[in-house]
Participant: 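The structure follows.
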Amino acid sequence: MSEAESRLDRALALPGVVAVFRYNDLGELEDQRIDHDSGLTTSMLDMVSHMCVANRSIASMQARGWEQMTGAQGFYPVEGFALIGFDWSVLCSRHYGVVTVNEGADYEAGFALLEELAGDD
Amino acid sequence: MGRASVASVPGLRFFGFPVWLVSHLACMASLPGLERNLRVVMDWMLDIPFRKHIAVLAPERTERLRRAWMESIESKRPPGESSGLSLRHQLHARPRPDVVPGALVGVQQHPPKSQAEGQPRHQGGDKAQQSAAPTEVPAVAVDHPQTPGAHAQGLAAVGPEPAEKQERHGQQVGLVEQVQERLLAGDRFAVVECQGDQGSNEQQGQEQKAVVDNGGQAPHQARSGKGGRGVGGGGHKASGVELRGNRAMILPFVSAFTSPFVSVRGRGGGIRDPEIRECALMSIVSDLAARQGVLAAGEFSQRGDGFSYAGLLEEEQARMAAVMCRANTLVVSMQASMLGAFDRRSERLAPRGWIVRGGCFSVCVMANVFCFVENGTGCLSDIVGFMRRRIPELRQERS
């Protein structure tokens with residue numbers, strides 16, 4: 001088992017984590033771990049991966065535009081994007097995403113988890 | 001009427017106009033007096049044919065915040081250095097969470113305060129400028145040790161060290177004194193902003209009370225002798241300030257109907273009744289802006305023709321933020337719809353909001369309320385939780 005796969009397994013074992021997945025620059029799902037009790041499917045995660053890439057790209061463009069137009073700094077580079085759903089949230093960084101339950105969710109910890117997953121990626 | 005609502009009852013979920021109607025009727029029921037009910041209904045009716053005008057909801061408050069912030073910066077700036085304004089000086093420091101090996105992740109929720117340095121682009125200054133952290137603005141000065149619910153044992157949150165707490169408390173005492181001075185000078189909003197919604201300790205609470213007492217002009221003190229009944233037992237508490245009388249009636253009304261969207265018509269604020277306007281300012285945006293680590297907060301119209309904000313943003317920046325947030329919200333909604341085409345179970349991901357995590361600050365949006373949160377100082381989990389509690393229903397207005 002590779003180090004990346006091991007990280008996914010460890011991440012899924014964390015309380016509150018429903019799924020962990022990895023995707024490429026095109027938003028294609030490459031690897032995933034799903035809590036089978038959640039009802040999430042691979043096809044959904046595949047779509048979510050596209051969503052992650054799209055939103056992160058939009059946010060990056062907006063961040064650069066914002067900094068250029070306002071002179072303010074600190075927005076770019078965008079580290080991650082999170083979708084807050086009714087019951088679950090999806091947090092994503094460049095190549096990794098994690099689905100967590102909203103109840104008691106710690107978003108800072110979630111983004112830190114994504115950094116940990118990315119490692120030297 | 002071009003509106004959609006969502007209601008979540010344990011085990012069941014309802015959508016659409018009936019929910020919108022029921023929720024508004026329920027709110028109407030809590031509003032006393034036929035005249036007020038008619039006024040509200042007429043206001044709703046007027047919303048249909050007329051568009052809302054763009055207006056800043058809290059220009060005075062924002063200006064006060066900015067001025068107080070600048071004063072705190074100027075007091076720390078070495079003589080001879082040029083002054084600046086807005087976020088641009090603040091957002092260079094990049095506090096990052098510490099990852100604890102072995103535990104996979106561990107986040108220090110309250111890292112030591114960093115000293116921000118930066119060079120503003122627009123002014124072309126060559127000197128690095130030191131500036132105070134945004135939390136030193138009196139409006140957000142009160143320390144709320146809002147340790148979020150740890151995301152399970154594996155994601156433990158680490159609180160501030162005792163020495164750090166003491167240091168911060170010392171800063172707060174100084175800021176409370178500043179606010180007292182401002183109160184004496186007639187800055188009434190300082191009272192509201194200084195009232196924490198969760199008294200973190202007794203001493204702090206006493207200091208806050210002293211602020212109100214010394215000010216002697218608390219804007220929401222009880223008004224005996226005025227008619228009307230208060231909702232919820234004769235009084236309403238918002239931002240730690242006890243409201244009675246008419247204001248106690250107005251505030252729940254404003255909160256229910258104008259939050260998450262506070263519409264302001266016309267120029268110069270639009271809400272003519274000073275009481276309603278005052279209470280409107282205490283809506284979710286004001287509360288958000290007063291939370292620790294929140295640089296600015298605002299609301300945008302789903303129709304894209306209005307916004308309001310408070311905090312460390314210039315008006316044009318707030319306008320841009322509102323436009324971007326609205327656009328992203330629409331995009332996310334569209335994506336969720338497409339996700340639903342793949343699997344109906346994806347409704348658990350039906351969007352309530354989204355977060356963009358930038359290098360030094362994050363943008364958090366829930367329904368049509370947005371806020372800028374400084375990473376490290378602010379706690380996203382806490383703010384998201386606050387917004388989820390305060391925005392119980394999604395309200396969408398179709399353009």
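The sequence lines fix the lettering, A, B, ..., with proteins before strands; numbering per chain opens at 1.
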Participant: Please tabulate, one pair per line, all N/O donor-acceptor pairs under 3.5 Å involving side-chain atoms of residues 84-91 of chain A, not counting sequence neighbours.
Facilitator:
residue	atom	partner	partner atom	Å
A:Ser89	OG	A:Asn102	OD1	2.5
A:Ser89	OG	A:Tyr107	OH	2.9

Participant: If I measure from the heavy atoms of chain B, does A:Ile58 come under 4.5 Å with its side chain, its backbone, both, or neither?
Facilitator: side chain
Participant: Which region of B:Ala321, side chain (C-beta onward) or backbone (N, CA, C, O), has a non-hydrogen atom less than 4.5 Å from a non-hydrogen atom of chain A, or is it both or neither?
Facilitator: both
Participant: Tell me, with the steps shown, if B:Arg357 and A:Val78 meet side chain to side chain contact (heavy atoms under 4.5 Å, CB included).
Facilitator: CA-CA 6 Å; B:Arg357 185 154 179 98; A:Val78 170; 5.8 Å; no
Participant: Tell me, please, which residues at least two apart from A:Ser60 pass side-chain hydrogen bond (donor to acceptor under 3.5 Å, both in side chains).
Facilitator: none
Participant: Quick check: closest heavy atoms across A:Leu83 and B:Leu349, and the distance to 0.1 Å?
Facilitator: CD2-O, 3.9 Å
Participant: Where is the tightest heavy-atom contact between B:Ser381 and A:Glu108, given as atom of each residue plus distance?
Facilitator: OG-OE1, 3.1 Å
Participant: Check whether any side-chain heavy atom of A:Gln73 lies under 4.5 Å from a side-chain heavy atom of B:Cys360, and answer yes or no.
Facilitator: no
Participant: For the CD atom of B:Gln317 and the CE atom of A:Met69, what is their distance to the nearest 0.5 Å?
Facilitator: 10.5 Å
Participant: Could you check whether the rings of B:Trp354 and A:Phe81 sit parallel, tilted or perpendicular, using 30° and 60° as the cut-offs?
Facilitator: parallel
Participant: Among residues at least two apart in sequence or on other chains, which ones pass salt bridge (charged side-chain N to carboxylate O under 4.0 Å, His left out) with A:Asp35?
Facilitator: none
Participant: Please flag which part of B:Glu316 lies under 4.5 Å from any non-hydrogen atom of chain A: side chain, backbone, both or neither.
Facilitator: neither
Participant: Within residues 38-47 of chain A, which residues come under 4.5 Å of chain B, heavy atom to heavy atom?
Facilitator: A:Ser38, A:Gly39, A:Thr41, A:Ser43, A:Met44, A:Met47
Participant: Are the side chains of B:Asn328 and A:Asn55 in contact, using a 4.5 Å heavy-atom criterion?
Facilitator: no
Participant: Provide the closest heavy-atom pair for B:Arg388 versus A:Glu103 in the form atom of the first, atom of the second, distance.
Facilitator: NH1-N, 4.5 Å
Participant: Give, as side chain, backbone, both or neither, the part of B:Val384 having an atom under 4.5 angstrom from any heavy atom of chain A.
Facilitator: side chain
Participant: Should we say atom CE of B:Met338 is surrounded by more than 12 heavy atoms from elsewhere, each under 6.0 Å from it?
Facilitator: no
Participant: How about B:Phe361 and A:Trp66: are their ring centroids closer than 6.0 Å?
Facilitator: no
